[in-house]
Protein chains: 2
Amino acid sequence: MARRADRSAEQPRAPLSRDRILRAAIDLADREGIESLSMRKLGQELGVEAMSLYNHVANKDEILLGIADIVGSEIYLPSTRSGWRTAMRRRAISARDAFSRHPWASGLMEARIDPPVPATLRQHNAMIGSLRAKGFSIGAAAHAFSVLDCYIYGWAGQEVTLPFDTPDEVGGLAEASLAQLPRDEYPHIVEMITEHILKPGYFYAAEFEFGLDLILDALEKLKEIPRAAAGDGGT
Amino acid sequence: MARRADRSAEQPRAPLSRDRILRAAIDLADREGIESLSMRKLGQELGVEAMSLYNHVANKDEILLGIADIVGSEIYLPSTRSGWRTAMRRRAISARDAFSRHPWASGLMEARIDPPVPATLRQHNAMIGSLRAKGFSIGAAAHAFSVLDCYIYGWAGQEVTLPFDTPDEVGGLAEASLAQLPRDEYPHIVEMITEHILKPGYFYAAEFEFGLDLILDALEKLKEIPRAAAGDGGT
DNA sequence: ACCTGAACACCGTTCAAGT
DNA sequence: ACCTGAACACCGTTCAAGT
């Protein structure tokens with residue numbers, strides 16, 4: 001049906017489908033932010049009235065859950081074939097990357113539990129599986145799981161507010177906020193920006209892996225601690 | 001003016017003010033969630049039309065910034081009079097408590113930078129000040145700051161989704177999600193719930209302090225590392 | 001089977017009008 | 001100086017009507 005050259009973006013040929021709706025929703029959220037993702041705008045994006053969407057999707061919530069699941073599925077799933085440390089490290093960096101491509105996704109994934117996001121369940125299951133297979137007690141695995149996910153989601157939350165990709169942009173934002181800051185009220189923030197963040201050797205992106213390795217080092221020791229001492233609930 | 005006994009909740013006597021509006025907004029957000037905080041409902045809460053609010057506040061954004069700042073001011077401000085570790089620990093636990101009283105606040109505080117929340121600036125300034133005063137290099141202070149805040153905000157983000165106060169409620173939620181879970185698809189999650197979370201000795205609340213102490217232990221060593229090795233940017 | 005127009009109950013915000 | 005009604009441009013969602 002009409003695979004002509006003059007087909008413009010406003011005239012979608014493919015029939016509407018759940019899948020096309022979710023892809024368009026991700027595009028829209030990436031481009032204009034999650035708060036701009038409305039049923040009406042999404043319909044417009046697909047060359048259709050908002051009400052047509054309800055033929056393929058129960059409601060907006062199903063769309064949010066769907067796009068959270070798609071992004072969640074982009075994250076590396078920890079495997080028992082590698083050591084726990086490399087598995088945890090790869091997953092953490094993969095998650096950081098996914099949330100950096102889709103800054104709205106971390107909020108959606110962590111907030112949603114009533115129907116939980118399937119990708120999140122797979123992630124959690126694989127994490128615990130990897131840790132258990134490599135000798136972590138059940139309590140130590142719970143600790144490791146909790147610390148790592150708080151760190152990863154916490155980072156993703158901060159990064160939403162820092163929308164830059166290159167070191168240059170970090171410097172630009174730092175200079176801008178420095179200019180607005182009441183300098184005598186926050187002397188230590190001023191020092192941090194001028195004496196550290198604006199220095200040539202600083203890379204914001206490296207901060208994530210530094211903290212990650214710091215936590216992984218600490219978990220290394222946790223693994224060797226016997227059940228009770230790791231706070232398993234055995235008194 | 002009419003300080004009578006029959007004064008009902010629907011008839012506020014005190015004149016409208018920025019302060020009264022912010023207090024009412026916090027109450028409403030605590031009671032019904034931040035997504036229910038609308039200008040119209042807030043006006044209703046104060047016995048006034050929504051449009052009256054604009055006489056005391058520029059727009060809804062100023063309200064969000066205002067209530068984020070009030071909650072942020074409830075958090076213990078790190079002092080240089082105690083050691084860095086106790087200062088960081090007290091602040092972290094105080095922040096956890098504040099975000100647990102006001103689950104909507106962490107999202108507001110971490111998301112807002114265009115006008116930054118003053119309380120957040122004070123917190124960051126005091127954190128860096130405490131670390132610097134106790135011998136952390138500027139780079140080590142940046143690392144410590146980043147890891148701690150990611151962990152704290154990450155925890156707060158997870159806790160939004162887990163609205164319970166007592167160990168009993170944790171168990172209840174765990175049982176409920178276990179019942180809904182496709183058990184053979186997520187065997188390790190099932191094990192975690194049945195063999196750990198539902199066991200008598202488990203306390204969810206203790207998990208936060210465990211991860212916090214694990215990070216603080218790691219930071220202890222970071223302090224002793226010389227400039228370059230701590231990733232300060234000096235090659 | 002899929003799409004749509006009109007409608008409903010909500011939003012934030014502006015502005016002229018009231019006191 | 002403060003409050004309000006009406007209005008505007010938006011939301012998500014339902015439902016009867018169209019093809």
Side-chain angles (χ1 to χ4, degrees), chain A residues 1-2 7-29 31-68 104 107-108 111-112 114-115, chain B residues 1-2 7-29 31-68 104 107-108 111-112 114-115:
Chain A
M1 38 183 83
R7 142 171 163 27
S8 76
E10 290 81 7
Q11 300 176 313
R13 287 299 178 275
L16 215 49
S17 71
R18 199 188 122 91
D19 204 69
R20 273 192 70 222
I21 291 172
L22 296 183
R23 303 272 155 210
I26 291 175
D27 280 359
L28 188 57
R31 229 168 46 234
E32 307 189 11
I34 192 74
E35 71 287 345
S36 299
L37 173 57
S38 74
M39 299 302 272
R40 282 167 164 96
K41 277 199 200 135
L42 186 52
Q44 203 171 306
E45 205 77 13
L46 290 158
V48 108
E49 297 301 317
M51 309 84 202
S52 305
L53 302 174
Y54 289 89
N55 284 304
H56 303 88
V57 124
N59 48 32
K60 187 177 178 180
D61 230 54
E62 193 186 318
I63 294 180
L64 295 178
L65 192 120
I67 62 179
W104 42 268
L108 243 41
R112 199 148 290 274
D114 199 354
Chain B
M1 39 180 77
R7 142 172 164 25
S8 76
E10 291 82 6
Q11 301 177 310
R13 287 302 178 273
L16 215 46
S17 70
R18 198 187 123 91
D19 204 69
R20 274 193 70 223
I21 291 172
L22 296 183
R23 304 272 154 209
I26 291 175
D27 280 359
L28 188 57
R31 230 169 42 234
E32 308 189 10
I34 191 75
E35 71 286 346
S36 300
L37 174 56
S38 74
M39 299 301 273
R40 282 168 164 93
K41 278 201 200 131
L42 185 52
Q44 203 172 306
E45 205 77 13
L46 291 157
V48 108
E49 297 301 314
M51 311 82 201
S52 304
L53 303 174
Y54 290 89
N55 284 305
H56 303 90
V57 123
N59 47 32
K60 187 177 177 180
D61 230 55
E62 192 186 320
I63 294 180
L64 295 177
L65 192 120
I67 61 179
W104 43 268
L108 243 42
R112 199 148 290 271
D114 198 352

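So that the names make sense, note that chain A is the first sequence line, chain B the second, and so on, each numbered from 1.
Nucleotide D:dC11 holds its C1' atom 14 Å from the CG atom of A:Leu53, rounded to whole Å. One atom, CD of B:Glu49, and another, P of C:dC11, lie 13 Å apart when rounded to the nearest Å. Counting to the nearest Å, the C1' atom of D:dC2 and the CG atom of B:Asn55 are 5 Å from each other. Regarding B:Arg18, its CZ atom lies at a distance of 15 Å from the P atom of D:dC2, rounded to whole Å.
Residues A:Ser52 and A:Leu16 have side chains in contact (heavy-atom distance under 4.5 Å, counting atoms from C-beta outward).
With sequence neighbours excluded, the residues satisfying side chain to side chain donor-acceptor pair (under 3.5 Å) with A:Arg18 are A:Glu62. The side-chain contact (heavy atoms from CB on, under 4.5 Å) search around A:Asn55 returns none, not counting sequence neighbours. Taking B:Asp61 as the reference, B:Arg112 meet the side chain to side chain donor-acceptor pair (under 3.5 Å) condition, with sequence neighbours excluded. The side-chain contact (heavy atoms from CB on, under 4.5 Å) check on B:Ala25 picks up B:Leu37, B:Leu42, B:Ile63, B:Ile67, with sequence neighbours excluded. In terms of the side chain to side chain donor-acceptor pair (under 3.5 Å) criterion, B:Asn59 has no residue partners (sequence neighbours excluded).
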Could you go over nucleotides 12-19 of chain D and give all protein N or O partners under 3.5 Å, atom names and distances?
from: D:dG12; atom 1: OP1; to: A:Met39; atom 2: N; distance (Å): 3.3
from: D:dG12; atom 1: OP1; to: A:Lys60; atom 2: NZ; distance (Å): 2.9
from: D:dG12; atom 1: OP2; to: A:Met39; atom 2: N; distance (Å): 2.9
from: D:dG12; atom 1: N7; to: A:Arg40; atom 2: NH1; distance (Å): 2.4
from: D:dG12; atom 1: O6; to: A:Arg40; atom 2: NH2; distance (Å): 3.0
from: D:dT13; atom 1: OP2; to: A:Tyr54; atom 2: OH; distance (Å): 3.0
from: D:dT13; atom 1: OP2; to: A:Lys60; atom 2: N; distance (Å): 2.9
from: D:dT13; atom 1: O5'; to: A:Tyr54; atom 2: OH; distance (Å): 3.4

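The salt bridge (Lys or Arg N to Asp or Glu O under 4.0 Å) pairs that include a residue from residues 46-60 of chain A number zero, where partners must be two or more places apart or lie in different chains. Listed by first and then second residue, the salt bridge (Lys or Arg N to Asp or Glu O under 4.0 Å) pairs that reach into residues 34-43 of chain B come to none, sequence neighbours excluded.
Applying the 4.0 Å criterion to OP1 and OP2 of C:dA1, one finds that A:His56 has every side-chain N and O outside that range.
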Both distances under 3.5 Å, Watson-Crick or G-U wobble: on that basis, could you give the dot-bracket string for DNA chain C, with [ ] for crossing pairs and | for other-strand partners?
||.|||||...|||||.||
